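Written out below as structure tokens is the structure these notes cover.
The model shown is predicted, which means the values in this text are computed figures rather than measured ones. Worth knowing before you read on, the calculation uses all heavy atoms, side chains too, and leaves out hydrogens, waters and symmetry mates. Lettering follows sequence order; numbering is per chain, from 1.
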Amino acid sequence: MAASGGRDRVNAGTIAGNVAAPPLREAQPRGGQLRGAPVLRVDGLRKRYGNAEVVRGLDFAIERGECFALLGPNGAGKTTTLRCCLGLIDPDAGAIELCGEPVPRAAREARVRVGVVPQMDSLDPDFTVTENLVVYGGYFRLPRPVIDARIPRLLEFAGLAAKARSQIRTLSGGMKRRLMLARALINDPELLILDEPTTGLDPQARHLIWNGLRQLLSQGKTILLTTHFMDEAERLATRLAVIDHGSLIACDTPRALLAAHVEPEVVEVYGDDARTWADSRGHALSRRLELAGETAFCYADDAAPLLADLATRSGLRYLHRPANLEDLFIKLTGRELRD
Amino acid sequence: MSTSSVLRPPAISTRFVPVWRRNLLVWRKLAIASILGNIADPLLYMLALGYGIGSFIGNVDGMPYVAFIGTGMVCQSAMFTASFEGMYSAFSRMHVQRTWEAIINAPIGLDDVVLAEWIWCATKAVMSTGAILIVIFALGFGHTWHALWILPLGFVVGLCFGAFGLVMNALAPSYDFFTYFFTLVLTPMLLFSGVYFPVGQMPSWLAHIAQVLPLKHAIDMARPLMLGRAPTEIALHVAVLAAYAIVAYCAALVLTRRRLLK
């Protein structure tokens, strides 16, 4: 089982050309003709476990070419929603259409055109890097020449070309994640679903994954990802949905959501006296102020008066920054801990 | 997942083949160790008990004791191999490595995965059956075409105990849980099914209990086959083994769906 060296195609090796339009792309059945139709549409999705309703009437649609992020605290219903969309669990109510197929009824047909990167790595430790891709391609019934033609490009895309024959246990955490991503692309999917793709990775490894995902987007792939990293959503998502307690709280482009829900400027004030300061001056100078431990978060349309006041106080440290998705997230889902 | 979807009939298709082949590819990498393990253990038992104890007792049920115990070892080995595969190996793939999760994200259903694992358990049972048959042939016994029927018999034994193992797998919180199955099921099965001595030697109440043990029915077929004769009551023996296998497979499927599809 070796990467077929002789199959390098005319394609000069830009990943864009490689993954988006492999020369041996298999004929796409029905879904491919549905240009303009959403890649995934979810209407009124409900799912109950025992007495707890985990998903409570969720609606959203993902258009071709966009990167749609599902944000939500732990237990918000993100993973349950993904599992319903893939047809792995049956919803209690609602309709799902994935790549033009009704789910769960035709979930298997839909999954032919979807790539999935689950939360936890699930590489085969007994196989080499290349063998992992070969075996996974077999689950899609791809002919061996098609798989062999795709593997060198996928390895290059994942920065693993030098690791083709390596054992999985010799890979770093970031390499394993990139191989998971490459594996999810073996069937040249229309939609890539990633469940918390960079959890547990160091900053360098996260940036490599983000670069890879951006390349895929620039080739026109559609991506659905869940995350609770706001910087991840900020960097990648063209549109995002915040869900909490199984319901959709907000759904729009990151910019529009920020404009609609959060004041543009934030001043974070730290120190033992932050609370006293907040009571005496902070509340009056902010449109909105939140206390978390010894930190005061001051939200304002114009931070100048806040900064002028803080400049006179020696016992306080502060940080002035523009509002970001984390502020949005906290505003919409609250500060209390979720377990 | 609603109750009805957990209890629906098995969705059987050829989609299980790539999953079965995946297990075969992994096995190929470890094949030598695996085959040695299959042969060494029973070979030692056959030599020590067969020739050691055999020297006191001579022929048992019309065959030298070493051949008698060797035939028992074939069936016992099919039983252990399939049980082990259905428990420890399947648990590694399902729980530890998350291999099953990866597979059902592709266009393959959980039913296909369970079917593949079941058939794989039986496949490994056939491999160990074959390995021990070769040892028995090498020792100069069972030189008869009938003995080759023990290979498909090993497959059926593998289906039976592989399904038992997969039931345990679906229920197991950790590897430790499988000890129950060894203590409560496999050890009694080994001692009272006629591997080491004829079931007829036991008190009649115990011999009656042995009638419900699937391994006993496998051995009842294997011994005559080793002597070059057709077994009696083939339909009964096959029916008992098949019934255990099918009921346990269905239970394993329902319990696995309940565990993973929610």
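Between A:A205 and A:G174 the shortest heavy-atom distance is CB-CA, 3.9 Å.
The backbone N or O of A:G94 sits nowhere less than 3.5 Å from a side-chain atom of A:R46 that would complete a donor-acceptor pair. Under a 3.5 Å cut-off, the side chain of A:K163 and the backbone N or O of A:I168 do not form any donor-acceptor pair. At least one donor-acceptor pair closer than 3.5 Å links the side chain of A:T226 to the backbone N or O of A:E196.
No other option in B:V26, B:D112, B:V17 has as many heavy-atom pairs under 4.5 Å with chain A as B:V26. Per-residue heavy-atom pair counts under 4.5 Å with chain B were compared for A:D124, A:I193, A:L86, A:V114, and the maximum is reached by A:D124.
Below 30°, between 30° and 60°, or above 60°: for B:Y249 and B:W118 the angle between ring planes is below 30°, a parallel geometry.
The shortest distance between side-chain heavy atoms of A:R177 and A:D121 falls below 4.5 Å.
Using a 4.0 Å cut-off between a side-chain N of Lys or Arg and a carboxylate O of Asp or Glu, A:K221 and A:D188 qualify as a salt bridge.
Using a 4.5 Å heavy-atom cut-off against chain A, the contacting residues of residues 79-110 of chain B are B:Q97, B:R98, B:T99, B:E101, B:A102, B:I103, B:I104, B:N105, B:A106, B:P107, B:I108, B:G109.
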